[in-house]
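Keep in mind it's a predicted model, so treat the numbers as computed, not measured. Heavy-atom basis, side chains included; hydrogens, waters and symmetry copies ignored.
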There are 2 protein chains.
Amino acid sequence: MRRLMIKPELCKVDTALGIIVGKWKPTILLHLLVEDTLRFNALKRKIPDITQRMLTKQLRELEEEGLVSRTVYPVVPPKVEYTITPYGKKLEPILHAMHEWGKAHIERKSQPSTEE
Amino acid sequence: MRRLMIKPELCKVDTALGIIVGKWKPTILLHLLVEDTLRFNALKRKIPDITQRMLTKQLRELEEEGLVSRTVYPVVPPKVEYTITPYGKKLEPILHAMHEWGKAHIERKSQPSTEE
DNA sequence: CAGTATCCAGGACGATACTG
DNA sequence: CAGTATCGTCCTGGATACTG
């Protein structure tokens, strides 16, 4: 067995999960990792099924944790840009690893004749 | 900007999250990664705040996804062992990465005088 | 354009009691 | 020992309508 690692009692996995979990948060983060900066409605167009309410809400929460920054330009009509922070970019490897694992999991289920 | 990665629309991060999210799932997995095999009540003792109902429920869900296997010994009193599968062990790097990120996040919040 | 305000439904989780 | 069964709560997220 591999050398371990984390004392389960002291583990901060839940802390991390608490921040990235949210119906739309990973999707939002992924889009901002690709584009770096997007306006509110641009983001909304990229995530067709999200409602305005949820987009606002999830963005506010990501902002509060420092993963995303929000810039308001005092113009008419309003212009608000959302940018992924350097800190937010640090999540990329984790998101990528989860994506790979998720993909493997789907493939595994579709062909159950796998040992291991 | 770094070279990317995942098409957000095709991303399977949510798939992965759907499986590891659950109030007690990471904790259970971590314990089984440390001990490899544990009986129901041993697990319960290691996670004092969990109720029997929740322990059963979360274990069943982990079993259903193939991360944990359940072995019933037909003895009196009952003996049931839960073991992490080789497949479940593949989550270790991800859990570890999330733990590290979560720890950093906590430290960052306690001393806000960090740039980046 | 970029939001708020309200209301509502479903599910996750907890408390408690009971059982083969 | 290792569960089930029942009931209640809170919280997330969706639908819809309105606004500076």
For the residue pair Ile84(B) and Leu67(B), establish whether any side-chain heavy-atom pair is separated by less than 4.5 Å. no
Quick one: label Arg53(B) by what it contacts on the DNA or RNA (base, sugar-phosphate, nothing), any heavy atom closer than 4.0 Å. base
Just to confirm, is there a sub-4.0 Å distance from OP1 or OP2 of dG14(D) to any side-chain nitrogen or oxygen of Lys57(A)? no
Could you check how far CG of Leu55(A) sits from P of dG13(D), rounded to whole Å? 13 Å
Using the closest heavy atom to pick a nucleotide of DNA chain C for each, name whichever of Thr51(B) or Glu81(A) lands nearer the 5' end. Glu81(A)
Assess whether side chain to side chain contact (heavy atoms under 4.5 Å, CB included) is satisfied between Leu43(B) and Leu59(B), documenting all intermediate values. CA-CA 10 Å; Leu43(B) 212 34; Leu59(B) 280 169; 4.1 Å; yes
Any side-chain heavy-atom pair from Thr27(B) and Ile50(B) closer than 4.5 angstrom? no
Rounded to whole angstrom units, what separation is found between the CG atom of Leu17(B) and the P atom of dG13(D)? 12 Å
Using the rule given for side chain to side chain contact (heavy atoms under 4.5 Å, CB included), can you reason through Tyr87(B) versus His105(A), listing the C-alpha separation, both sets of side-chain angles and the distance that settles it, and then say yes or no? CA-CA 9 Å; Tyr87(B) 180 59; His105(A) 188 77; 2.4 Å; yes
Any chain of hydrophobic side-chain contacts (each under 4.5 Å) joining Leu10(B) to Ile94(A)? no
Could you tell me the separation between the CE atom of Met54(A) and the P atom of dC11(D), rounded to a whole number of Å? 15 Å
At the 4.0 Å heavy-atom cut-off to chain B, mark where contacts on DNA chain C begin and end, going 5' to 3'. dC13(C) to dG20(C)
Watson-Crick or G-U wobble partner of dT12(D), both distances under 3.5 Å: dA9(C)
